[in-house]
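Worksheet: one structure, shown below.
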Amino acid sequence: GTLDDVKARGELICGSNTGLTGFGAPGADGTWTGFDVDLCKALAAAVLGDASKVKFVPTTGETRFTALASGEVDVLIRNSTWTFSRDTELALDFVAVNYYDGQGFMVKKDLGVTSAKELNGATVCIQTGTTTELNLADFFKANNMTYTAVNVADDSEGQRQYLAGACDTYTTDASGLAASRATMADAENHIILPEIISKEPLGPVVRHGDNQWGDIVRWTYFALLIAEEKGITKANFEEIAASTTDPEVKRLAGLEGDMGAKIGLDNEFAKRAVLAVGNYGEVFDANIGESTPIGLARGLNALWTQGGLQYAAPFR
Amino acid sequence: MAYATETPKENFRLSMLIYDTRFRSMTIQIVVLILFGLALSWLVNNTIDNLAAKGKTFNYNFLWVRAGYDIEQTLIPYTNDSSHGRALFVGLANTLLVAFVGCILATIVGVLVGVLRLSKNWLVARIMTVYVEIFRNIPVLLWILFIYVPLTEIGPEPKDFKVTQPMIDALAIEAQGGTLPPDAVTTPAASKVLFDTVAITKRGMFMPKPLLERPLGSFSIGDFTISFSVLAALAVVAASIWVNAQLRRKARVVQETTGVRPTTWWKSLLILFAPLVLLLIAMGFHLEVPAFPVTEAGVSQGFNFQGGFTISASLLALTVALALYTGAFIAEIVRAGIMAISKGQSEASFALGLRPGRTMSLVVLPQALRVIIPPLISQYLNLTKNTSLGIAVSYLDLRGTLGGITLNQTGRELECMLLMMLIYLTISLIISVGMNIYNQSVQLKAR
Amino acid sequence: MNEQAAQKMQVSDEVAIQIAAMNKWYGTFHVLRDINMTVQRGERIVICGPSGSGKSTLIRCINRLEEHQAGQIVVDGTELTSDIKNIDKVRSEVGMVFQHFNLFPHLTILENCTLAPIWVRKVPKREAEETAMHFLRKVKIPEQAHKYPGQLSGGQQQRVAIARSLCMKPRIMLFDEPTSALDPEMIKEVLDTMIELAQEGMTMLCVTHEMGFAQAVANRVIFMDQGQIVEQNEPKEFFTNPKSERTKLFLSQILGH
Amino acid sequence: MNEQAAQKMQVSDEVAIQIAAMNKWYGTFHVLRDINMTVQRGERIVICGPSGSGKSTLIRCINRLEEHQAGQIVVDGTELTSDIKNIDKVRSEVGMVFQHFNLFPHLTILENCTLAPIWVRKVPKREAEETAMHFLRKVKIPEQAHKYPGQLSGGQQQRVAIARSLCMKPRIMLFDEPTSALDPEMIKEVLDTMIELAQEGMTMLCVTHEMGFAQAVANRVIFMDQGQIVEQNEPKEFFTNPKSERTKLFLSQILGH
Amino acid sequence: MTQTFIRTEMLPPEAPPARDSGAIKWLRENLFSGPLNTILTLLGLFIVYWGLSGLLPWIFGGVWNAGSLGECREIIAARTGGDGTEAACWAMVRERWHQYLFGFYPSDLYWRPTLAFGLLFVALAPVLFSQFPRKMFLLTLAYPAVAYLLLWGGSVWVPVMLILLVGAVFFIATRIGGGWGVTTFVVLLLLCFGNPLGNILWFLFRLVDALPFVAVPVAFEQSVLGFLAKIFPLFSHVHPWIHSILPWGLTPVNSDKFGGFLLAIVIGVTAISFSLPLGIILALGRQSDMFIVKSLSVGFIEFIRGVPLITLLFTASLLLQYFLPPGTNFDLILRVIILVTFFAAAYLAEVIRGGLAALPRGQYEAADALGLNYWQAQRLIIMPQALKISIPGIVSTFIGLFKDTTLVSFVGLLDPLRGVTMAVRADINWKGIYWEPYVFVGAIFFILCFSMSRYSMYLERKLKTDHR
Ligand SMILES: Nc1ncnc2c1ncn2[C@@H]1O[C@H](COP(=O)(O)OP(=O)(O)OP(=O)(O)O)[C@@H](O)[C@H]1O
Ligand SMILES: Nc1ncnc2c1ncn2[C@@H]1O[C@H](COP(=O)(O)OP(=O)(O)OP(=O)(O)O)[C@@H](O)[C@H]1O
Ligand SMILES: [Mg+2]
Ligand SMILES: [Mg+2]
């Protein structure tokens with residue numbers, strides 16, 4: 001299976017975006033950073049014991065699923081929406097949701113629009129090849145409105161056109177809108193409308209049929225969530241592991257049970273993942289959280305204990 | 001006096017398959033054919049295996065499924081409720097539109113620049129050289145982006161055409177003789193051009209749409225509606241062209257018998273346009289000018305012009321960029337074509353007393369065209385293929401619909417890609433077959 | 001050539017071409033220097049001289065394929081200035097035959113011959129074709145009328161070129177080395193045509209190195225060198241008793257082998 | 001040519017080429033009709049005839065540059081069939097010289113001459129070069145060995161072409177109008193080379209219209225017309241006393257001027 | 001009445017009249033020779049002024065020192081007092097130029113691609129300029145291996161073995177010569193690399209397997225073929241063995257690190273060099289009088305030329321996985337190179353066909369008459385001449401191909417134009433920058449392509465005079 005391939009290769013190949021601010025992009029020195037990228041690193045740390053043993057293959061909206069299906073990448077961690085048809089027809093498995101997103105609209109303040117329901121007849125910039133196109137059509141239809149679509153190739157183009165006034169509103173996942181707005185010279189002149197017109201559960205994808213590998217990806221991700229739940233961070237992991245009495249934490253630290261062996265890894269895989277990138281909250285805060293220029297609130301992505309949707313199955 | 005001698009029949013030996021010129025080529029061909037067949041069946045076999053492994057099937061049923069996405073620029077009616085198949089045709093029509101208009105523009109640009117490059121005016125020739133070199137040596141993709149961006153950055157937005165409540169108020173105050181605050185605006189920031197019919201904006205050009213009050217009705221074949229009005233117009237145009245051809249033929253006969261050619265241009269104009277104009281008037285032709293809906297008070301409503309039709313900025317940019325890029329190549333072809341006609345030809349023509357204009361049209365151009373047309377057609381082919389870069393500027397052509405969104409939404413990459421290649425191939429073949437026929441018909445006769 | 005024909009080759013007193021103090025430069029290169037020359041109607045003049053001496057340029061100035069910068073050229077009473085009407089007039093009265101024939105390859109032989117009459121002289125097509133066939137018969141290739149130039153041999157092409165010029169009914173014919181691009185067998189057929197033309201009293205200026213032709217037909221030979229007319233004389237004198245050193249040298253070279 | 005040399009030009013009884021009832025068509029055009037002909041070793045045969053009579057085709061059939069469709073051609077005991085081995089054998093024993101030389105312009109003269117010996121005969125390079133120099137000396141241009149064909153005159157090029165053929169040590173040489181693309185001065189130097197070759201007893205088939213050459217060297221002249229051998233005879237008889245009407249007509253034409 | 005005239009004194013050349021010389025004449029003739037020309041000249045002057053007055057301040061007033069687009073904007077606003085004047089933000093280029101040139105290639109190893117690029121010219125020299133000694137062709141032949149080593153790194157023994165084996169095989173094949181030589185060459189080459197014989201047989205069996213009526217016993221396939229596959233991989237077994245003794249090598253660099261112009265040049269150069277032999281074969285096939293061979297060649301050429309390159313790239317990224325045996329999977333760059341090679345081969349085939357057509361028939365006939373066989377004639381006589389004539393065409397094909405490498409961004413590779421730019425724009429510091437990357441990349445493309453096109457024009461002129 002994929003696990004053996006990865007081990008034999010000594011490197012994890014992660015399908016990533018060609019560049020999406022905050023989620024995954026190469027920096028000036030060529031190292032990739034971002035929210036999705038950190039999950040890849042955690043996975044590499046869990047499987048290979050080294051967070052740097054990961055190669056990022058940029059994929060476009062059109063090539064991403066094929067790249068995964070053909071085995072070109074081991075896992076696709078690249079803001080891909082989990083839908084029925086992708087899960088079934090494309091023979092892929094979405095193993096978790098690492099970011100709950102939803103499609104929103106951004107407009108200029110001086111347009112005088114305060115709700116997406118007032119957009120009848122507007123020109124809408126939208127990225128092609130994504131689920132957002134379908135959502136948009138459905139939303140306008142449901143509200144008995146019409147629109148003109150400007151199908152743009154990528155996010156930066158969409159943003160440019162929106163700013164230039166080539167469209168009245170730009171629609172994409174709310175996280176993307178926030179990121180775009182954050183970098184605008186006149187951010188105060190733009191508002192993101194309150195309506196979120198779709199559910200966009202984004203998460204890692206693996207090939208259908210390789211359940212062991214799917215489990216590894218899922219539980220590596222859950223490990224990060226559980227770590228946050230338990231208040232474990234990169235910094236205090238060793239400390240807590242040494243002192244804890246919580247059996248779940250002990251299992252997470254590999255001190256108890258044989259969780260690792262059951263999915264073909266060693267017992268410390270979860271520990272390595274957390275040590276490599278920190279817990280879910282740390283990853284979030286470091287890449288897209290409120291302290292970053294992108295400044296996303298946790299919102300739906302808060303832990304279930306804090307009113308969010310991020311909920312990991314028990315690590316037992 | 002010829003008598004045939006029977007050459008003795010030789011026995012067939014196996015080695016003759018290789019060493020005998022009669023069989024050798026057959027042997028080679030059969031081996032090649034077998035290898036090719038094997039390779040092909042290997043590919044097909046693999047494909048079947050792979051499809052099976054992925055649990056996919058190979059069929060085109062998705063073409064009849066609701067597409068669910070929208071297309072900005074459509075030539076045939078389309079909504080997101082239409083099928084993927086229809087989206088394909090929208091894309092194909094868009095591809096052909098850009099290809100067709102692009103080819104015409106490119107030819108105009110190319111011929112103009114090619115001739116100007118040969119101009120005696122040093123500055124003009126230099127500017128044209130710079131144009132040609134810059135366009136030829138930078139990727140076309142960059143040109144498409146380069147031209148698209150200014151189109152979407154410069155120019156007013158539709159909302160700049162809107163009449164707002166404050167404007168109405170200000171006008172009212174003015175009408176009552178009141179004084180306006182210094183920063184008050186009474187008219188929209190932008191206005192339409194060409195007798196208030198065409199709005200040029202960042203989103204493209206909003207054009208008046210021709211409509212008929214008394215259309216002749218229509219019929220449908222499957223998904224497609226064909227209007228009798230259009231058919232009638234086409235018929236009238238065809239008839240006019242035919243009559244005009246007759247007229248010209250008659251003029252030539254007159255010239256051949258008397259040596260003087262009668263003036264025909266105004267008759268031609270009349271024959272070519274009058275019937276069409278009459279028909280259009282009969283059908284109640286009028287223009288639907290794009291405009292904002294207004295409230296009773298006269299305040300413009302909505303985001304965009306209503307009515308009319310739009311030429312999107314992406315269509316404009318793609319067409320212009322491809323035309324300018326290809327035009328640079330065509331310019332070189334034209335220049336080379338004219339220069340290939342030796343100076344002796346025009347000198348001989350001058351020496352016979354023909355004026356430069358006649359020399360050009362009777363001696364140089366007919367010869368230059370033979371040199372120009374074949375590479376010209378291959379430039380047309382290139383332009384047609386380059387329309388597939390429309391995706392870079394959000395133009396949904398065949399690549400953008402069938403090979404882009406449809407492929408992406410349905411996940412049927414094999415079917416989509418094969419179908420798309422087939423369509424492009426068909427277009428190319430049609431063009432190159434046309435070229436070959438032309439080539440054969442103009443081949444210079446030689447010993 | 002028999003006596004009778006020679007008889008016909010009369011020279012009248014009328015002036016066909018008058019060139020006075022003509023100078024021409026290519027850039028700063030002084031290619032024609034102080035050319036003075038008068039050609040009577042019916043004269044047959046052969047121009048010779050070393051390569052680069054300006055023979056072609058001189059002949060091309062006469063129908064304004066090249067512009068002269070000083071002096072005067074008067075052809076058939078029309079002075080060549082930059083006036084387009086004059087140029088047109090001169091060109092329609094002066095025929096020219098080039099070294100490389102310069103037939104129009106996209107037209108048939110017949111069309112080559114009728115093109116100018118139809119478009120310049122506005123002759124009806126039928127009439128133009130009759131004239132063309134007449135002159136094609138004269139140059140002995142009427143049967144090729146519907147072929148294309150590419151299908152003819154060099155000698156045949158040059159004869160077509162002569163016929164094409166004749167179709168404009170010119171009063172003067174200029175020849176610029178008409179035989180130098182031809183194979184030996186073909187030279188004869190072209191020269192024969194030219195001799196026939198001479199016998200009919202056509203005014204001819206011919207740049208050629210065919211000395212046999214010059215002796216048989218010309219009534220004057222002009223020798224040029226370095227853009228100047230160095231010597232002119234009647235053929236017999238010219239060949240047997242050249243005066244100038246340069247002429248002697250030149251003749252020794254071309255008659256040497 | 002002196003007596004002694006003529007003495008050397010002996011003809012043996014051995015048969016070099018035997019052609020029997022050979023026919024060839026181009027498409028439906030019957031270009032060679034019932035050719036029968038025997039060439040003894042050492043014979044020097046000149047083939048002449050009007051243009052298009054099939055001379056080139058006949059000679060090209062002998063080394064299978066063209067395929068014949070009926071009849072038999074036996075060269076040096078090897079019958080030309082579609083068997084590649086036979087063809088290779090014949091070609092390496094028959095040298096051919098073309099009208100347009102067909103030297104390889106990208107190779108030096110020496111390389112032109114050594115190419116075939118090295119690749120076909122598998123002769124060591126040094127040996128091939130020695131042979132080549134030997135034959136280049138023979139055709140009197142050893143000093144040009146390291147030049148390229150484009151730098152040589154036509155006559156020199158044709159002599160190189162002869163040397164190139166000789167380097168394969170052929171037993172039979174075919175010439176297809178070897179001098180017709182040459183200027184008159186150069187014709188002689190090529191003919192001299194061929195005469196020398198003849199004197200050494202090489203079997204030669206030569207398509208040419210150089211009648212002087214035919215009279216001096218050939219021991220048989222073959223006249224072809226319309227794809228058939230119309231007359232063959234020894235040169236003296238052929239030229240002074242042609243039997244057939246066509247031959248007479250042809251001879252009167254080519255000897256006429 | 002014959003006017004006799006003898007010139008006794010030759011006239012010296014004189015200077016032309018004043019109005020026919022000097023700068024005034026030039027102006028009059030070249031710029032103001034008539035009303036139309038005068039208007040055109042003024043129009044031209046206006047266009048030039050308008051273009052330059054807009055562009056030059058933007059380019060030369062650009063900011064070079066800044067950490068982000070925002071900083072740039074501030075600097076410009078401070079300088080102009082915020083009057084909305086725009087200027088370029090070249091600081092981005094200053095920070096990221098290396099990514100545009102090398103992609104993510106490790107920065108301490110930049111010397112390797114640079115050296116490979118420099119050596120490219122050394123290797124090309126004997127092909128492009130005839131005055132270099134023939135011995136240098138050996139260098140040209142060795143170049144692919146050297147470049148491979150420099151770019152991808154790894155054990156030196158890979159390229160060394162490559163050179164030695166190809167050299168040896170080539171040597172053997174040329175000794176045999178002819179069609180058999182070509183066959184031997186291919187067979188020996190296949191024998192030496194990968195898991196050759198096994199692979200070939202395996203491939204053949206797969207082919208046979210594909211026929212519905214033949215069934216190859218699985219056991220046979222696995223035992224015999226597996227055995228062969230283990231015995232023959234001369235190459236793949238020998239070089240690790242040598243490497244274990246003499247571990248010389250360079251740091252390996254993965255191809256996912258390739259981007260920017262490095263990627264464009266690698267794809268362009270590799271594709272054009274590999275497409276050359278393929279193009280020759282296709283051109284010969286198209287010229288052949290064997291109907292089937294001809295039809296297949298024509299079919300291939302016309303198919304490739306009839307579809308846009310972008311669909312071929314999508315084929316590389318989306319469809320190749322369908323056509324190859326299940327489980328086959330290799331580098332996207334490699335797949336793209338393969339498809340681009342096919343693409344270039346079809347175009348080169350047409351260029352070479354033109355070269356072949358330009359050769360007089362006499363050359364073929366002379367070769368035949370000398371007894372050379374088909375392959376010898378092709379290799380020794382026809383190809384050297386046809387290729388030489390085709391060089392300008394090959395260069396322009398290469399220019400077109402090089403420009404087209406920008407399309408690989410559509411399959412997610414980091415081409416300089418969109419790929420790298422997209423990555424740069426995803427950086428929070430440079431989000432929103434638009435023109436600068438395009439102008440920068442456009443300028444580099446222009447310099448490279450323009451010099452190549454000038455070179456090919458020079459060649460065309462040179463070849464023209466060569467042939468006369
Ligand atoms: N267009 C031109 N520009 C500049 N110089 C020219 C031009 N045409 C001809 N010349 C030069 O003018 C001189 C005379 O040329 P011309 O062709 O009249 O000589 P010619 O006597 O006809 O020689 P030839 O016997 O070789 O035809 C030559 O030195 C030539 O190089
Ligand atoms: N490849 C060909 N296909 C068809 N017809 C041909 C071909 N080659 C030659 N012919 C015709 O065959 C006839 C004989 O040609 P061939 O070249 O043998 O004549 P020839 O006697 O050598 O003439 P010449 O003296 O002009 O060289 C001619 O009518 C020619 O048109
Ligand atoms: Mg001259
Ligand atoms: Mg012949």
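The chains referred to below are lettered A, B, ... by the order of the sequence lines, with proteins before strands, and numbering in each begins at 1.
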key: Region of B:M420 in contact with chain E, defined by heavy-atom distances below 4.5 Å   = side chain

Between E:L43, E:L309, E:L45, E:T311, the one whose heavy-atom pairs under 4.5 Å with chain B are most numerous = E:T311

Test item: E:Q321 side-chain N/O and E:L318 main-chain N/O as donor-acceptor pair under 3.5 Å = yes

task = Can you tell which part of B:L381 gets under 4.5 Å to a heavy atom of chain E, answering side chain, backbone, both or neither?
result = neither

message = Could you check, using the six-membered ring where one of them is a Trp, whether E:W435 and E:Y438 have ring centers closer than 6.0 angstrom?
response = no

message = Is B:I134 in contact with chain E via its backbone, its side chain, both, or neither, using a 4.5 Å heavy-atom distance?
response = both

note = So, the part of E:L448 with a heavy atom under 4.5 Å from chain B: the answer is neither

task = Select one option (side chain, backbone, both, neither) describing which atoms of E:S453 are under 4.5 Å from chain B's heavy atoms.
result = side chain

remark   = Honestly, the part of E:F303 sitting under 4.5 Å from a heavy atom of chain B is both

task = Please look at E:T315 and chain B and tell me whether the side chain, the backbone, both or neither of the residue comes under 4.5 angstrom of a heavy atom of that chain.
result = both

inquiry  = Quick one about E:S409 and E:R418 (side-chain donor to acceptor, distance below 3.5 Å, no hydrogens or angles considered), yes or no?
reply    = yes

message = Under the criterion side chain to side chain donor-acceptor pair (under 3.5 Å), I'd like the reasoning laid out for E:T421 against E:Y100: C-alpha separation, chi angles, the key distance, then a yes or no.
response = CA-CA 8 Å; E:T421 303; E:Y100 278 100; 3.2 Å; yes

E:F261 ring center within less than 6.0 Å of E:F445 ring center = yes

inquiry  = Please classify the contact between B:F58 and chain E as side chain, backbone, both or neither, with a heavy-atom cut-off of under 4.5 Å.
reply    = neither

message = With heavy-atom distances below 4.5 Å as the criterion, would you say the side chains of B:S388 and B:D397 are in contact?
response = yes

message = Taking every non-hydrogen pair under 4.5 Å, which of E:V293, E:D404, E:L40 racks up the most with chain B?
response = E:L40

task = Go through the atoms of E:L417 and report whether side chain, backbone, both or neither lie under 4.5 Å from a heavy atom of chain B.
result = side chain

query = So do the side chains of E:Y347 and E:I301 get within less than 4.5 Å of each other, counting heavy atoms only?
reply = no

key: Validation row: B:R117, B:T129 side chains within 4.5 angstrom (heavy atoms)   = yes

ask   = Given that the side chain runs from C-beta out, which part of E:V439 has a heavy atom under 4.5 Å from chain B: side chain, backbone, both or neither?
value = both

request  = Please flag which part of B:N382 lies under 4.5 Å from any non-hydrogen atom of chain E: side chain, backbone, both or neither.
outcome  = side chain

ask   = Do the ring planes of E:F402 and E:F398 sit parallel (below 30°), tilted (30 to 60°) or perpendicular (above 60°)?
value = parallel

remark   = For E:A264 and E:T405 the tightest heavy-atom approach is CB-OG1, 3.4 Å

message = If I measure from the heavy atoms of chain E, does B:R126 come under 4.5 Å with its side chain, its backbone, both, or neither?
response = neither

inquiry  = Please identify, among B:L123, B:N121, B:I138, the residue contributing the most non-hydrogen atom pairs under 4.5 Å to chain E.
reply    = B:N121

